[in-house]
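Every heavy atom of this structure was used, including side-chain atoms; hydrogens, water molecules and symmetry mates were not. What you see is a predicted model; the values in this text were computed from it and never measured. Sequence positions, counted from 1, serve as the residue numbers for this chain.
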Amino acid sequence: MLHKVMLVDLSPHSIANQTHSLDWRRLGYSLGGFAKSLGDAVSLFSRERFSLVVIHIRDAHAEGIRLCEFIRDKCKRMPLMLVGGRMDFHSAREAMHYGVNDYLPAPFTLEEMKDSLRNMREMIGDESDTAAASSRGDILYQAGAGDETGGETAENAADARLRDVHVIDRVKAYVEESLDQAITLKEISTSMHFNCSYLGQKFKYHENMTFNEYLLQQRMEKAKFLLEHTGLRIYEIANKVGYIEIDWFYKKFKSYTGVSANAYRKMHSITA
C-alpha cells in the first residue's frame, strides 16, 4: 500500500526540482497534494486524507509551525516532517510541542531526504490497526474496570505494564534469534500483529532508546564478543551480526567503539 503524501512548500525558493526527482512509489509513497501557501495547505488538508505531511520551511518558520499546530489540532497522530532552513531554539521547542516527527535541516542531499522518508514510512502504521488496537484496549479496560476504585485502577495499570514488558521481551528475543538477518521493526510488528508506530513508542518508553539504537547495540556488542573470543575473519563476523556489506560494518563498528574492528581485536589480544 502506498502512503499518500501532502507536500507543502512555504518557501519562495521552491523544492519542486528535488521532490519531483524522487521516486515516490519506490519509497512507498504517492504524491497526493501540493500547496504553496499556509491557506492552501489548510484548505487541502481539510478536504483530503493523507498519511504524511512534508513541509518545506526555509524562510517561513513561523508559518510552518502554525501549520503544524493546525494539523496537530485536527489529527493527533498525523506524521509531520519539516525540511529546509535552520531552526533556532524557540522554533525547535515549538516543533517538539506540536509533535513534529522528523526535521531535515538545510543543506541536505537527495539521499538524506530519501533516508528520512524511509524512516517516516516505518513510523506510519495502518490507521485501521491503530483504531482496532485502541478499541480492543477500551474493551479490555471496560471489562476489567468494574467499579472504578483506586485499587482496581492501580491493578489495571500494573497489568498493563506487565503486558508491555512481555511484548518488549518478545521483541528482544526476536532480535537475538535473528541478529544475522536484516531486521526491521515493521517486520516484527507485523509478525506480532501490532501497529509499528505503537510498538516503536512502547519500546522507546520502556528501554529509553529507539528500536534501531537497540538493534545497533546488540549487533555491535556481539561483534565485540566474537572479535575477542573467536578467530573468525572480520567479514564472517560482519555476516553473523547482519551486515552483508563489509565497508558498512567497518563504519558502524568504528562509530560505535571509536576504533576499527582490526584495532579492537589487536587491543584485546594483547590484554588477554
Sub-3.5 Å donor-acceptor pair from the side chain of R219 to the main-chain atoms of L179, do we have one?
yes
Please check if the side chain of S178 supplies one atom and the backbone of V175 the other of a donor-acceptor pair under 3.5 Å.
no
Go through the structure and list residues passing ring-ring contact (aromatic ring centres under 6.0 Å, His included) with [X], not counting sequence neighbours.
X: H229; answer: F225
X: Y174; answer: none
X: Y214; answer: F203

Taking side-chain hydrogen bond (donor to acceptor under 3.5 Å, both in side chains) as the test, write out the residues that go with [X], two or more places apart.
X: E176; result: none
X: K222; result: none
X: Q217; result: none
X: R72; result: none

For residues 230-254, which side-chain N or O atoms pair as donor and acceptor with protein atoms under 3.5 Å away, sequence neighbours left out?
residue	atom	partner	partner atom	Å
T230	OG1	L226	O	2.6
T230	OG1	L232	N	3.3
E236	OE1	R233	N	2.8
N239	ND2	Y235	O	3.4

Which residues pass the salt bridge (Lys or Arg N to Asp or Glu O under 4.0 Å) test with E112, sequence neighbours left out?
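For E112 there are no salt bridge (Lys or Arg N to Asp or Glu O under 4.0 Å) partners, ignoring immediate neighbours.
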So, using salt bridge (Lys or Arg N to Asp or Glu O under 4.0 Å) as the criterion, who are the partners of E221 when residues are at least two apart?
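Here the qualifying residues are K224.
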Please identify each residue that fulfils side-chain contact (heavy atoms from CB on, under 4.5 Å) with S260, with sequence neighbours left out.
N262, A263
Applying salt bridge (Lys or Arg N to Asp or Glu O under 4.0 Å) as the test, list every pair that has at least one member in residues 199-218; sequence neighbours left out.
D164-K202, K172-E207
